[in-house]
Amino acid sequence: MEWEEKKASQIYTSLQVQELAARLRRNVARVIVGKEAVIDLLLVALLSDGHVLLEDVPGVGKTLLAKALARSLDLSFQRIQGTPDLLPGDLTGVTYFDQRSSTFVFRPGPLFSHVVLVDEINRATPRAQAALLEAMAERQITIEREIRLLPRPYLVLATQNPVELEGTFPLPEAQLDRFLMRLPLGYPSEEAELALLQRFREAEPLEELEPVADAEAILRAQRAVRRLYWQPDVERYLLTLVRATRHHPAINLGVSPRGTLALQRASAAYAAICGRDYVLPDDVKYLAPVVLAHRLILTTRARLQRQGAEQVLQEILASTAVPVEASGSAARSRSSGGGRP
């Protein structure tokens with residue numbers, strides 16, 4: 001009983017999670033202009049203990065966004081540049097013989113950091129890309145038959161350019177499935193780009209960023225996300241969406257159970273940063289495109305007809321009934337003191 005009370009005291013309330021997310025959002029927005037929705041999705045990944053693939057054309061701020069989030073966290077950070085000559089040991093670390101002590105010493109690689117930025121991941125060879133699999137999925141690295149745990153929280157941010165294909169190695173499905181979400185950034189609006197010119201004219205805002213959250217705060221928020229209330233109808237709605245991807249005629253391979261769990265965690269994290277301690281169907285519907293689309297493999301016919309995974313997923317969302325009345329009654333029950341005991 002004493003341990004349970006101590007553990008409960010280490011968990012944030014939904015309002016505390018919302019305040020934490022607001023601090024991080026404001027800090028990152030000092031550098032990144034006009035991308036509030038993308039910043040929120042990045043925070044969703046952080047609070048749901050997931051990883052993010054930032055995919056867009058060069059120069060839209062993918063690396064800058066990742067660095068701004070890393071500087072906002074009082075955590076260790078390493079950047080890895082994807083190149084064709086990158087070796088797995090360059091990521092995981094190596095064991096070398098120290099002549100002074102006459103012993104073998106392990107030198108940790110950049111993956112042994114809280115936040116890891118893999119820039120242009122598709123320029124690394126499949127062998128180097130595979131070195132990330134165990135780290136991203138299990139938060140550990142096996143080196144010479146010894147398991148070494150990675151620090152917590154652990155966040156991998158990867159960037160890639162979908163336009164330039166020469167000298168690149170497309171990520172396989174198994175690698176893509178390790179990412180909680182794939183996010184495009186897009187070009188800024190005219191007003192946002194004007195603000196960008198003014199902000200970067202005389203200074204570099206990234207260099208002035210200070211951390212606004214530490215490891216303990218993030219871990220407490222992650223524990224709070226896992227305790228959010230799920231009404232059975234909302235969970236059933238999530239499951240219906242995922243299972244529909246396995247039977248759609250345009251999809252050759254649907255979402256795996258790992259994707260089901262990813263959508264569950266992401267939806268709960270989004271509800272938490274909105275200040276709620278329960279999940280709505282709208283949370284699931286909003287997160288589904290960025291969490292599920294990159295996990296779908298379309299049929300050859302669908303690709304020839306130039307259908308995209310996002311388009312097929314929107315068809316599934318449009319044809320799946322949303323439990324509106326059930327979610328509304330749950331919200332009223334929570335606000336009046338009911339809900340999960």
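Side chains included, hydrogens not; waters and symmetry mates left out as well; all remaining heavy atoms used.
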Contacts satisfying salt bridge (charged side-chain N to carboxylate O under 4.0 Å, His left out) that involve residues 252-276 (not counting sequence neighbours) are Asp177-Arg258, Arg276-Asp283

Inset, instruction - Any chance you could lay out the side-chain contact (heavy atoms from CB on, under 4.5 Å) test for Val38 and Leu65, step after step, and finish with the verdict? - result: CA-CA 9 Å; Val38 176; Leu65 173 61; 3.7 Å; yes

Review point. Is a donor on one side and an acceptor on the other found under 3.5 Å between the side chain of Lys35 and the backbone of Leu185?
Key: yes

- request: Could you tell me whether the side chain of Arg139 and the main chain of Ala135 form a donor-acceptor pair under 3.5 Å?
  value: no

For Gln222, the side-chain contact (heavy atoms from CB on, under 4.5 Å) test, sequence neighbours excluded, returns Asp49, Pro153, Ile218, Leu219

Smallest heavy-atom separation, Arg182 atom then Pro184 atom, equals O-CD, 3.9 Å

Side chain to side chain donor-acceptor pair (under 3.5 Å) filter on Thr83, not counting sequence neighbours, yields Asp85

The remaining residues in the hydrophobic cluster of Leu239, counting side-chain heavy-atom contacts under 4.5 Å among Ile, Leu, Val, Met, Phe, Trp and Tyr, are none

For Tyr154, the other hydrophobic cluster members (4.5 Å side-chain criterion, sorted by chain and number) are Leu53, Ile80, Leu86, Leu91, Phe106, Leu111, Phe112, Val116, Val118, Ile121, Leu132, Met136, Ile141, Ile143, Leu150, Val156, Leu171, Leu176, Phe179

For residues 291-321, the ring pair (Phe, Tyr, Trp, His ring centres under 6.0 Å) pairs (sequence neighbours left out) are none

Sorted by chain and number, sequence neighbours left out, salt bridge (charged side-chain N to carboxylate O under 4.0 Å, His left out) with Arg26 holds for none

Across all chains, not counting sequence neighbours, the side-chain contact (heavy atoms from CB on, under 4.5 Å) partners of Phe77 are Lys67, Ala70, Arg79, Val115, Leu117

In terms of heavy-atom contacts, Ala269 and Leu47 come closest through CB-CB, 4.2 Å

Between Val255 and Thr245 the two heavy atoms that sit nearest each other are N-OG1, 3.1 Å

Donor-acceptor under 3.5 Å (Thr159 side chain, Thr63 main chain)
no

Taken in chain and number order and not counting sequence neighbours, the residues that satisfy side chain to side chain donor-acceptor pair (under 3.5 Å) with Thr300 are Arg303

Minimal heavy-atom distance between Phe169 and Gln129, with the atoms involved, is O-NE2, 3.1 Å

Sequence neighbours excluded, the answer for side chain to side chain donor-acceptor pair (under 3.5 Å) partners of Glu146 is Arg148

Residue set satisfying side chain to side chain donor-acceptor pair (under 3.5 Å) with Glu55, at least two apart, ordered chain then number -> Gln160

Query raised in the report: Does the Asp56 side chain pair with the main chain of Gly186, one donor and one acceptor, at a distance under 3.5 Å?
Result: yes

In short, Glu210 meets Asn27 closest at the heavy-atom pair O-ND2, 3.0 Å

Connected to Tyr96, directly or through other members, by ILVMFWY side-chain contacts below 4.5 Å are Val105

Quick one: do Tyr187 and Ile39 end up in the same hydrophobic cluster if we chain Ile, Leu, Val, Met, Phe, Trp and Tyr together by side-chain heavy atoms under 4.5 Å apart? yes

